[in-house]
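The block underneath contains the structure these notes are about, expressed in structure tokens.
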Amino acid sequence: MKNADLFERAKMHIPSGVNSPVRAFRKVGGTPRFIREAKGPYLYDCEGSRYIDHVLSWGPMILGHAHPEVVEAVVEQAGRGMSFGAPTELEILMAEAICDAIPSIEKVRLVSSGTEAAMSAIRLARAHTGRDVIVKFEGCYHGHGDSLLVKAGSGALTFGVPDTSGVPKETASTTAVLPFNDVDAFASFMGDHGPKVAAVIVEPIAGNMGVVLPRKGFLESLRKLTSDHGALLVFDEVITGFRLTYGGYQDLIGVRPDLTCLGKIIGGGMPVGAFGGRSDIMSMLAPEGPVYQAGTLSGNPMAMAAGISTLKILKRDNPYGELTRGMSTLLDVMREAAGSAGLPLTVNQQGSMAGVFFNEGPVETFDDVMASDARRYARFFHLMLDRGVYLAPSPYEALFISTAHTGDVLDRATESVREAVSMLSGRV
Ligand code: HOZ
């Protein structure tokens, strides 16, 4: 079976042949790989080619693919039933684990995706404050809910349609978009419109325009000014939750949001999302309160089994130091190779996630990201793919590693980076 044949067949009945736009490879060119299976650090496509996977399902597979303990938990649960549409103890275990790990979350509701989590958090914030305006930041992505798909990152940015069609003007007009990392712009906006703002939502580390770290004081200012103006602060930790520490990035920096969105790692690879925070706010959710939110598959037992076992392993093994060291090894080689080739390269790293930009740094804003050379990234992507390393097929996504990326695997990925970067400069 060929990737190209499957792609043609997929296009017959699936728009563009994919169920999420970035997968179509349009920003990098070429044929998407159709994955047959994955194990540890590797993906295997339908042609039998093996790739070291640095996408890791866009973040969730922090333990690598098909981790035996996670698989065992899922298989066991499958034997007991896959969906009940009724409460389970597993949901309580998950909620307890989240609330224990992230102190700002006093109560949490489980949903099926990060999109749902962000959409619901926004609805809750509007109800709680009785206000309509949402503030988001350029290049941050919070799923594809209508209010949040304005100047968004990820696929929306990859395909240059950050303002999607199909969203009513009235809805888009209640979302204000400000530059990420610009405290003055935020302070001035809040000075003018603060009393109308229901919530400010932010990825505390932007992970959907590559990886862009918050400048010192940025998140602290969001916290202070939202409190001053009676607006809620929502951290979208769908990517960062449990990726950088056992808990949220918020715990590393000591900024406590009112609401937090989670997803990815807490589902261990299964479709999951969660939003939680202050008890007085969360209590406004139906049936206790007037804010309706529901889902047949919310808290699904299979997803809970995968997520709980993933969290258990992360808590037990505390692999975060090792993950950071692995990523640093890879990136050091990347910087060194670019340096000796005289290639402009900026790498933003936080623990086991990173953004790779082909331009002079620093890359701290959306404009800096847009100034990076997307065509050079596409070339880099293919040079790496040819060497059996799978990176995100877009310059506006993150690079991840898992606990399975060690020893030989890391050596091979590192060697591939060295070769690919040198070839980019035309020296080999
Ligand atoms: N929004 C995801 C990355 N940040 C892409 C999901 C996918 O294409 O699978």
Side-chain angles (χ1 to χ4, degrees), residues 3 7 10-11 14-28 30-35 38 43 45 51 53-62 65 111-119 136-146 148-162 164 180 201-212 235-244 249 261-273 303 348 350 352-357 366 369 374 377 381 390-402:
N3 288 299
F7 195 30
K11 284 187 224 168
I14 301 173
S16 308
V18 292
N19 284 311
S20 193
V22 186
R23 298 180 198 180
F25 270 37
R26 292 223 180 146
K27 195 72 186 176
V28 292
T31 307
R33 300 306 190 256
F34 282 70
I35 305 306
L43 292 176
D45 74 7
Y51 303 93
D53 183 12
H54 284 289
V55 179
L56 293 166
S57 187
W58 310 93
M61 312 314 299
I62 191 167
H65 295 282
V111 292
S112 298
S113 69
T115 290
E116 248 188 281
M119 215 171 72
K136 76 174 286 290
F137 296 92
E138 267 180 331
C140 284
Y141 179 70
H142 308 288
H144 59 90
D146 282 359
L148 295 167
L149 212 51
V150 189
K151 289 263 163 95
S154 187
L157 178 58
T158 301
F159 299 111
V161 285
T164 179
F180 185 77
I201 185 165
V202 67
E203 289 180 271
I205 293 177
N208 285 284
M209 50 171 160
V211 170
V212 179
F235 272 8
D236 182 338
E237 296 228 42
V238 168
I239 294 180
T240 50
F242 296 93
R243 168 138 299 270
L244 308 168
Y249 180 59
C261 303
L262 296 169
K264 302 209 191 259
I265 287 175
I266 61 160
M270 290 278 191
V272 114
N348 289 341
Q350 182 75 38
S352 61
M353 62 189 277
V356 175
F357 306 96
F366 179 76
V369 170
Y377 180 88
F381 168 85
Y390 189 81
L391 304 179
S394 162
Y396 310 126
E397 299 285 353
L399 172 73
F400 297 105
I401 66 164
S402 78

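Count residues from 1 along the sequence. Atoms within a ligand are numbered from 1 in the order they appear, just like the ligands themselves.
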Check your understanding: Side-chain contact, heavy-atom cut-off 4.5 Å: V28 with L391?
Key -> no

Check your understanding: In the protein, what heavy atom is nearest to atom 3 (C) of ligand 1, and what distance, to one decimal place, separates them?
Key -> E397 OE1, 3.2 Å

Check your understanding: What protein heavy atom sits nearest atom 4 (N) of ligand 1, and how far away is it?
Key -> N208 OD1, 2.6 Å

Review point. What residue and atom, counting heavy atoms only, is the protein's closest point to atom 6 (C) of ligand 1, and at what distance?
Key: S20 OG, 3.6 Å

**Study point:** V369 side chain near V212 side chain, heavy-atom distance below 4.5 Å
**Key:** yes

Point to revise | Cation-pi geometry met for K11 and F7 (6.0 Å, 45°) | key: yes

Revision key, fill the gap. When distances are taken from atom 1 (N) of ligand 1, the protein heavy atom at minimum range is S154 OG, 3.1 Å

Check your understanding: In Å, rounded to the nearest 0.5 Å, how long is the span from OG of S394 to CE of M209?
Key -> 13.0 Å

Check your understanding: Which ligand 1 atoms are under 4.0 Å away from a heavy-atom of Y141?
Key -> 1 (N)

Check your understanding: Any N or O of W58 that comes nearer than 3.5 Å to an N or O of ligand 1?
Key -> yes

Check your understanding: Are F400 and R243 close enough that some pair of their side-chain heavy atoms sits under 4.5 Å apart?
Key -> yes

